A.B. asks: 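Sharing a structure below in structure tokens format, with a few things to ask.
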2 protein chains.
Amino acid sequence: MKKSQKKLSASLEALKKAEQICDSNGLKLTKLRKQVLNLIWKKSGYVKAYDLLDELKKVDPSAKPPTIYRTLDFLMENGLIHKIQSLNAFIGCPHPDEHNECYFLICDRCQMIEECCSKKISNVVSSTSKNSNFIPSKVTFEIAGTCQNCLN
Amino acid sequence: MKKSQKKLSASLEALKKAEQICDSNGLKLTKLRKQVLNLIWKKSGYVKAYDLLDELKKVDPSAKPPTIYRTLDFLMENGLIHKIQSLNAFIGCPHPDEHNECYFLICDRCQMIEECCSKKISNVVSSTSKNSNFIPSKVTFEIAGTCQNCLN
DNA sequence: AATATAAATGTTATATTATAACATATATGT
DNA sequence: ACATATATGTTATAATATAACATTTATATT
Ligand SMILES: [Zn+2]
Ligand SMILES: [Zn+2]
Ligand SMILES: [Zn+2]
Ligand SMILES: [Zn+2]
């Protein structure tokens with residue numbers, strides 16, 4: 001299977017999951033929201049809000065910053081995408097249905113981001129928080145570096 | 001010892017370490033850089049770039065955005081402060097001389113940030129990166145939540 | 001000391017990222 | 001049909017950050 005095909009099916013899979021999640025939670029995946037989610041998945045790596053806005057304008061010339069940011073907020077709130085804080089960028093979540101504490105491997109060279117979940121991470125968060133009597137609510141864990149592909 | 005005193009000594013300690021580090025590395029802790037580092041430590045929690053600029057303007061009316069961002073860059077490059085990516089904010093590093101991979105406990109209520117280092121974190125980063133054949137270079141690990149003080 | 005070079009700071013302008021506030025349209029429940 | 005809530009449209013502006021170039025200050029070389 002070629003990379004582009006793999007990518008395509010991941011994208012279709014994500015869209016399908018998004019529909020399911022919205023259906024079963026009484027959320028409306030409107031045309032706009034679907035368009036934006038599609039645009040996010042069309043990009044091979046991460047995507048910036050204003051690049052997304054430019055893309056959206058091609059099919060909806062009336063789109064403006066609040067259009068995109070409100071839609072991104074909806075998608076984030078419902079776990080369909082993530083914001084990468086160290087880049088001010090966004091990326092589709094490949095497993096919005098089974099969300100554990102995740103972290104991101106961010107390639108400096110090719111803009112690919114791999115989302116990973118590891119029990120180790122949540123263990124570390126719990127234990128270290130406990131040491132400081134801190135009640136964690138939101139974890140940001142981003143690792144920048146060089147991916148497997150770009151090493152060759 | 002009162003909290004304000006503890007804070008004061010942490011600040012003085014940090015400034016002293018900064019001088020040492022710059023001395024022994026051929027870096028110049030200029031008047032401007034010292035002023036900004038002082039302003040950062042004067043705040044009890046994290047500080048935003050433009051708030052810092054406003055403070056700096058009180059003693060140096062000619063200060064402008066590049067003044068503050070360039071100084072922040074210098075301080076970051078040399079490990080004297082950290083940027084909190086999830087807040088676009090900055091905080092002094094309490095141990096710029098012995099820098100391991102660190103993470104931050106960020107209180108949503110009082111803006112206090114505790115910087116912690118744990119061998120566990122670096123272990124998790126290494127092992128999970130290895131799993132993905134990823135070479136990590138920069139780690140962002142920020143945990144938002146509620147601190148011990150604010151729970152009472 | 002005079003000169004060249006590099007590093008730091010000053011200055012103007014602008015790019016990038018994000019939200020407030022209010023108007024209109026669309027969907028949903030009674 | 002009406003009331004209410006949700007979503008979108010629209011204008012304006014806030015907040016964050018950098019590019020580009022000028023000037024000053026420190027450092028090294030002659
Ligand atoms: Zn996810
Ligand atoms: Zn790569
Ligand atoms: Zn530190
Ligand atoms: Zn607190």
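Predicted, not measured: the structure shown is a model, and the values here were computed from it. Order of the sequence lines sets the chain letters (A, B, ...), proteins ahead of strands, with each chain counted from 1.
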A.B. asks: Can you work out whether B:Pro65 or B:Lys31 has the more 5'-proximal nearest nucleotide on DNA chain C?
C.D. replies: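 Final value for this comparison: B:Lys31.
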A.B. asks: Distance check needed: C:dT17 P versus A:Ile84 CD1, whole Å only.
C.D. replies: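 In whole Å, C:dT17 P lies 14 Å from A:Ile84 CD1.
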A.B. asks: Measure the shortest side-chain to side-chain distance between A:Val36 and A:Leu56 over non-hydrogen atoms and say whether it is less than 4.5 angstrom.
C.D. replies: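 A:Val36 reaches A:Leu56 side chain to side chain.
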A.B. asks: Would you kindly give the OH-to-P distance between B:Tyr69 and C:dT11, to the nearest whole Å?
C.D. replies: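 Atom-to-atom, B:Tyr69 to C:dT11, this comes out as 19 Å.
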A.B. asks: Are the side chain of B:Lys17 and the backbone of B:Pro94 linked by a donor-acceptor contact shorter than 3.5 Å?
C.D. replies: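 Answer holds: yes.
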A.B. asks: Using heavy-atom distances to pick each residue's nearest nucleotide on DNA chain D, tell me which of B:Lys83 and B:Lys28 is more 5'.
C.D. replies: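 Closer to the 5' end of DNA chain D: B:Lys83.
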A.B. asks: What is the distance, to the nearest angstrom, from the CD atom on A:Glu77 to the P atom on D:dT6?
C.D. replies: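 It is 13 Å, rounded to the nearest whole Å.
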A.B. asks: Starting at CZ of A:Phe74, measure out to CG of A:Leu37 and round the result to the nearest 0.5 Å.
C.D. replies: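 One finds 9.5 Å between CZ of A:Phe74 and CG of A:Leu37.
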A.B. asks: What is the distance from OH of A:Tyr46 to C1' of C:dT16, rounded to the nearest Å?
C.D. replies: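 Computing the A:Tyr46:OH to C:dT16:C1' distance gives 14 Å.
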A.B. asks: Step by step, would you call A:Ser11 with A:Lys42 a side-chain hydrogen bond (donor to acceptor under 3.5 Å, both in side chains)?
C.D. replies: CA-CA 7 Å; A:Ser11 166; A:Lys42 264 189 190 159; over 6 Å; no
A.B. asks: In this structure, how many angstroms lie between the P atom of D:dA17 and the CG atom of B:Leu52, rounded?
C.D. replies: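 B:Leu52 atom CG is separated from D:dA17 atom P by 12 Å.
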A.B. asks: Do any side-chain nitrogens or oxygens of A:Arg70 fall under 4.0 Å of OP1 or OP2 in C:dT19?
C.D. replies: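 Negative; the distance criterion is not met.
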A.B. asks: For B:Leu87 and D:dA15, give me the distance from atom CG to atom C1', rounded to whole Å.
C.D. replies: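 These atoms are roughly 14 Å apart.
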A.B. asks: If you only use heavy atoms from C-beta on, which nucleotide in C:dT11, D:dG9, D:dA17 is closest to the side chain of A:Asp60?
C.D. replies: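 In terms of side-chain proximity for A:Asp60, the closest of C:dT11, D:dG9, D:dA17 is D:dG9.
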A.B. asks: For D:dT30, which nucleotide in any strand shown is its Watson-Crick or wobble partner with both distances under 3.5 Å?
C.D. replies: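 Matched D:dT30 with C:dA1 under the 3.5 Å cut-off.
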A.B. asks: Strictly below 4.0 Å: does A:Thr30 bring a side-chain N or O up to OP1 or OP2 of D:dT8?
C.D. replies: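 For A:Thr30, the contact criterion (side-chain N or O under 4.0 Å from OP1 or OP2 of D:dT8) is met.
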A.B. asks: Could you check whether the rings of A:Tyr103 and A:Phe141 sit parallel, tilted or perpendicular, using 30° and 60° as the cut-offs?
C.D. replies: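 Ring orientation, 0 to 90° scale: tilted.
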A.B. asks: D:dA26 P sits how many Å from B:Leu29 CG, rounded?
C.D. replies: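 In whole Å, D:dA26 P and B:Leu29 CG are 14 Å from each other.
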A.B. asks: Indicate whether OP1 or OP2 belonging to D:dT10 is found under 4.0 Å from a side-chain N or O atom of A:Ser62.
C.D. replies: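 It does, given that an N or O in the side chain of A:Ser62 lies less than 4.0 Å from OP1 or OP2 of D:dT10.
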A.B. asks: Confirm from the modelled atom types if B:Tyr50 and D:dA17 form a donor-acceptor pair under 3.5 Å, side chain to base only.
C.D. replies: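 Yes, a donor-acceptor pair under 3.5 Å.
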A.B. asks: Taking OP1 and OP2 of C:dA18, is either one under 4.0 Å from a side-chain nitrogen or oxygen of A:Asn88?
C.D. replies: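 It does, given that an N or O in the side chain of A:Asn88 lies less than 4.0 Å from OP1 or OP2 of C:dA18.
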A.B. asks: Hey, is the side chain of A:Thr67 poking within less than 4.0 Å of OP1 or OP2 on D:dT10, counting only N and O atoms?
C.D. replies: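 No, no such contact exists.
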A.B. asks: For a quick test of reading the model: is some side-chain N or O of A:Lys64 closer than 4.0 Å to OP1 or OP2 of D:dG9?
C.D. replies: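 No, because none of the side-chain N or O atoms of A:Lys64 sits under 4.0 Å from OP1 or OP2 of D:dG9.
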A.B. asks: Between B:Leu32 (CG) and D:dA26 (P), how many Å, whole number?
C.D. replies: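 These atoms are roughly 13 Å apart.
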